[in-house]
Amino acid sequence: MIETNLILAVIAGIFILLFLILRLKINAFIALLIGSITVGLIAGLDAPQIIKTIQDGMGNTLGFVATVVGLGAMFGAILETSGGAKAIANFMIAKFGLKNAPGAMVISGFLIAIPVFFDVAFIILVPMIYALQRKTGKSLLLYAIPLLAGLAITHAFIPPTPGPIAVADIIGAELGWVILVGFIVGIPTALVSGLLFGKYISKKIHVAAPSEILKDKDMKLPNIGLTLLIIAIPIILILFNTISSSGILGLENKTVLNLIALIGHPFSALIIANILAWYFFGVRRGFTKEQLFKITGKSLAPAGTIILLTGAGGVFKQVLTNTGAGELLATSLSNVGFPILAFAFVSAAIVRIIQGSSTVAMITAAGLVSPLLINAELSSLQLACMVIAIASGASIFSHVNDSGFWLVGQYLGITEKQTFKSWTMMTTILAFTGIVAVSILYILL
């Protein structure tokens, strides 16, 4: 009887969550909280227990995520405004040449989406793919799909972007390992979904650059070496801390280890990156302190939404843990021989397809998966693989209920049917390539 109630609680919670978001168009933050309360009530928690669970889930999650997402958003805003993203793309095209411009676009998207949100980065670089199309006369999709693949992969796979940060925190994975696994899995995924599919679909659908070209700001771009260095610094610091704390390097000096742990924590690493960006991309390039304050302040608006969504996802996870529903689900999956990695991918994919937002899909799936991992005894690398499996599922089949679908179609000047054949198919290939690659890595670990 208890097991039946728990199963009903989870099903009812997910059904209400999706009904509120899809049918009633209620904000996902409120919907996640209502879904969590529903699970608690049906599972038998009393009012004080439910309130305490909400407080614990929200507090435990946001203590880390709010800081990292906020710092990451400010860093990206300064880089974007200073022209750093455009400098990277220009450099890649200059080095690769027109013939290999699709490869340059993949790498540009891969790098630029680390500090800059997906939609912002795409809008910044749209004029560049327009220019490439006009120079070569080839289909715009030859350059757009690789760029979009690079942006989408990094946005989903590699911290400090918000999605993988949120999932890593909810399931207890270390960011350093997530970065490493994200890069390893991201490379073959970018090659297949970006370069190979981009080359294929550009021969099927010829798209010319829209007649109205977005005007670039007439500004001197930052030094490319400095730009790449400042983007790399927080990632290197986080990875170095992860590797040193694992004992691989054989460091034993407590003072040295303590220093590495301090500067290599995501908090400190991103603070350092922000200070460097503030000075080199801001002050040194003529921005006033007031302008920089306005730029960074404005960047926190979209970050706030992600932070609250993540907190609500933490509540959902906490309810599943406290009621025992998560443990029951883990036992059931184990009894039927269904792998947790596959469950992570499928649960994220279902939510993504039904309601559209990859962030909501990642957070919801992480909340479902986290309680299953309590007794799983996974290594740090396997937990990182779990994050990428969720990210892969949450990237699948972007269609009409996803704002990215309309953004891509509008800026590329293509019909809904063409957007399905190009963008939607690319995200689906990305998802399946990602889960295959991370599954192989997971098995080998």
*With no hydrogens and no angle check, is any side-chain donor or acceptor of Ser202 less than 3.5 Å from a backbone partner on Lys199?*
yes
*Name all pairs fulfilling the salt bridge (Lys or Arg N to Asp or Glu O under 4.0 Å) condition that reach into residues 436-445, sequence neighbours left out, sorted by first residue then second.*
none
_Just verifying a value: how many Å separate Leu125 CG and Ile129 CD1, rounded to the nearest 0.5 Å?_
8.0 Å
*Ignoring hydrogens and geometry, is there a side-chain-to-backbone donor-acceptor pair from Ser193 to Met426 under 3.5 Å?*
no
*Which distance, rounded to the nearest 0.5 Å, do you find between the CG of Leu111 and the CD1 of Ile88?*
5.5 Å
*Please state whether the rings of Phe345 and Phe432 are parallel, tilted or perpendicular, taking 30° and 60° as the class boundaries.*
tilted
*Within the distance-only criterion (no hydrogens, no angle test), does the side chain of Arg284 pair as donor or acceptor with the backbone N or O of Tyr279 below 3.5 angstrom?*
no
*Which one of Asn60, Leu62, Asp56 satisfies the side-chain contact (heavy atoms from CB on, under 4.5 Å) criterion with Met58?*
Leu62
_Check: Phe64 ring centre within less than 6.0 Å of Phe267 ring centre_ = yes
*Of all heavy-atom pairs between Pro266 and Val68, which one has the smallest distance, and what is that distance?*
CB-CG2, 4.0 Å
*If the plane angle is over 60° it's perpendicular, under 30° parallel, otherwise tilted; pick one for Phe118 and Trp423.*
tilted
*How are the rings of Phe183 and Phe110 set to each other: parallel, tilted or perpendicular (split at 30° and 60°)?*
tilted
*With a 4.5 Å limit on heavy-atom distance, are the side chains of Val10 and Leu368 in contact?*
yes
*Which distance, rounded to the nearest 0.5 Å, do you find between the CD1 of Ile260 and the OG1 of Thr242?*
11.5 Å
*Under the salt bridge (Lys or Arg N to Asp or Glu O under 4.0 Å) rule, collect the residues that match up with Asp119, sequence neighbours excluded.*
none
*Is there a donor-acceptor pair closer than 3.5 Å between any side-chain N or O of Ser370 and the backbone N or O of Ala366?*
no
*asked:* Nearest 0.5 angstrom please: Arg352 CZ to Thr359 OG1, how far?
replied: 9.0 Å
*Just wondering, do Tyr200 and Leu196 contact through their side chains at under 4.5 Å, heavy atoms?*
no
_Tell me whether Ser395 contacts the main-chain N or O of Ala431 through its side chain, where contact means a donor paired with an acceptor under 3.5 Å._
no
*Give, for atom CD1 of Ile429 and atom CZ of Phe197, the distance between the pair rounded to the nearest 0.5 Å.*
4.5 Å
*Mind jotting down which residue pairs meet the side chain to side chain donor-acceptor pair (under 3.5 Å) criterion with at least one end in residues 295-307? Sequence neighbours excluded, please.*
none
*Counting only N and O atoms by type, is there a donor-acceptor contact under 3.5 Å from the side chain of Asp169 to the main-chain atoms of Val65?*
no
*Do Leu381 and Tyr442 come close enough that some side-chain heavy atom pair is under 4.5 Å?*
no
*Main-chain N/O of Thr288 paired with Gln291 side-chain donor or acceptor, under 3.5 Å*: yes
